[in-house]
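The first residue of the sequence shown is numbered 1, and numbering continues consecutively from there. Order of appearance sets the numbers: ligands from 1, and atoms from 1 within every ligand.
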Amino acid sequence: MNHDCIFCKIISGELPSAIIFQDERVTAFRDINPAAPTHILIVPNKHIASVEAVEEADESLIGYLYRAASRIAREEGISEAGYRLITNTGANAGQTVFHLHVHLLGGKMLKLALD
Ligand code: 5GP
Ligand code: ZN
């Protein structure tokens, strides 16, 4: 738990959010500023600042996080139509919250916007 991190506060319940799934390893909640009809953030409960901070011991956690994303996409009813998973890493990618997260975006045809 990083006390300066808003996602750590969401995971602990200190900061309210629309949590749709939580277990001992990951938490998923709706993005406060959705960019698509479905816009969910999936995060490890462990504070990892970004992909750059992932360690060997985290490898199974990252795989678990992607499997959670797939399951949530199915529950949201967007699996068959398709969806996008995005992880911004660092300044040039526009990462604003330095707690690793995967954006799950879907519910409409997404443009392929790289910037
Ligand atoms: P990034 O730009 O770091 O990839 O994405 C951060 C995301 O977190 C943004 O899409 C932003 O809307 C979302 N976000 C920032 N603060 C909060 C918050 O307090 N609650 C929720 N639910 N989402 C947040
Ligand atoms: Zn954190």
Side-chain angles (χ1 to χ4, degrees):
M1 165 101 192
N2 177 329
H3 292 278
D4 299 323
C5 170
I6 54 170
F7 287 179
C8 281
K9 288 180 182 167
I10 285 173
I11 292 160
S12 72
E14 187 181 333
L15 198 70
S17 74
I19 291 181
I20 59 160
F21 176 79
Q22 185 165 48
D23 68 9
E24 70 283 358
R25 300 178 87 182
V26 301
T27 299
F29 51 94
R30 295 199 187 274
D31 196 292
I32 205 167
N33 185 22
T38 295
H39 188 171
I40 292 164
L41 301 172
I42 303 138
V43 307
N45 294 343
K46 176 187 176 186
H47 181 85
I48 301 172
S50 81
V51 168
E52 287 297 297
V54 172
E55 297 170 345
E56 191 176 354
D58 302 321
E59 285 178 0
S60 77
L61 174 58
I62 300 305
Y64 187 84
L65 189 130
Y66 273 87
R67 283 174 40 82
S70 159
R71 199 171 55 249
I72 291 163
R74 200 175 334 119
E75 284 164 8
E76 289 286 312
I78 61 173
S79 290
E80 288 191 15
Y83 55 89
R84 184 172 295 160
L85 300 174
I86 296 175
T87 298
N88 295 318
T89 305
N92 271 8
Q95 185 179 3
T96 57
V97 178
F98 283 81
H99 181 128
L100 176 63
H101 52 281
V102 171
H103 296 256
L104 167 59
L105 293 156
K108 69 171 185 182
M109 183 66 78
L110 300 164
K111 295 192 186 102
L112 188 57
L114 294 178
D115 57 11

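Contacts between Arg30 and ligand 1 below 4.0 angstrom, taking non-hydrogen atoms only, involve the backbone exclusively. Contacts between Leu41 and ligand 1, counted as non-hydrogen atom pairs separated by less than 4.0 Å, involve the side chain only. Looking at Thr87 against ligand 1, nothing comes within 4.0 Å, counting heavy atoms.
Using a 4.0 Å cut-off to heavy atoms of Asn33, the atoms of ligand 1 that qualify are 12 (O). Ligand-side atoms of ligand 1 in range of Gly94: 2 (O), range being under 4.0 angstrom from any heavy atom. Using a 4.0 Å cut-off to heavy atoms of Phe29, the atoms of ligand 1 that qualify are 22 (N). Of all the atoms in ligand 1, the ones that sit under 4.0 Å from a non-hydrogen atom of His101 are 1 (P), 3 (O), 4 (O), 5 (O), 6 (C). Those atoms of ligand 1 that come under 4.0 Å of a heavy atom in Gln95, given as number and element, are 3 (O). Within ligand 1, the atoms closer than 4.0 Å to a non-hydrogen atom of His103 are 1 (P), 4 (O), 5 (O), 7 (C), 10 (O), numbered from 1 in the order shown.
For Asp23, the CG atom is densely surrounded, since the number of other residues' heavy atoms within 6.0 Å is greater than 12.
Protein heavy atom nearest atom 20 (N) of ligand 1, with residue, atom name and distance: Ile10 CD1, 3.6 Å. The protein heavy-atom contact nearest to atom 23 (N) of ligand 1 is Ile32 N, 3.3 Å. For atom 3 (O) of ligand 1, the closest non-hydrogen atom on the protein side is Thr96 N, 2.7 Å.
When the heavy atoms of Asp31, Ile6, Val97 are ranked by distance to atom 7 (C) of ligand 1, first place goes to Asp31.
Nearest approach of Ala68 to Val26, heavy atoms of both residues: CB-CG2, 4.1 Å.
Distance CD1/Ile32 to CD1/Ile6: 8.0 Å, rounded to 0.5 Å. Between the SG atom of Cys5 and the CG atom of Leu15 there is a distance of 10.0 Å, given to the nearest 0.5 Å. Atom NE2 of His99 and atom NE2 of His101 lie 9.5 Å apart (nearest 0.5 Å).
Within the structure, the closest approach of Phe7 to ligand 1 falls below 4.0 Å when heavy atoms are considered.
The side-chain hydrogen bond (donor to acceptor under 3.5 Å, both in side chains) check on Glu76 picks up Arg30, with sequence neighbours excluded. Remark: Lys108 engages no residue in a side-chain hydrogen bond (donor to acceptor under 3.5 Å, both in side chains) (not counting sequence neighbours).
Residues Glu75 and Phe21 are not in side-chain contact: their nearest non-hydrogen atoms beyond the backbone lie 4.5 Å or more apart. Using a 4.5 Å heavy-atom threshold, the side chains of Val43 and Leu100 count as separate. Side-chain atoms of Tyr83 and Thr38, non-hydrogen and from C-beta on, never get closer than 4.5 Å to each other.
Below 3.5 Å of separation, one finds no N or O of His39 facing any N or O of ligand 1.
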Derivation and outcome, side-chain contact (heavy atoms from CB on, under 4.5 Å), residues His103 and Leu41: CA-CA 5 Å; His103 296 256; Leu41 301 172; 3.3 Å; yes
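Around the Zn ion (ligand 2), protein atoms of type N, O or S found under 2.8 Å number 4.
For Gln95 and Thr89, the side-chain atoms include no donor-acceptor pair closer than 3.5 Å.
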Between side-chain atoms of residues 55-62 and protein atoms elsewhere (two or more places apart, or another chain), which donor-acceptor pairs fall under 3.5 Å?
{"unit_1": "Asp58", "atom_1": "OD1", "unit_2": "Lys46", "atom_2": "NZ", "d": "2.6"}
{"unit_1": "Asp58", "atom_1": "OD2", "unit_2": "Glu55", "atom_2": "N", "d": "2.8"}
{"unit_1": "Ser60", "atom_1": "OG", "unit_2": "Arg25", "atom_2": "NH2", "d": "2.9"}

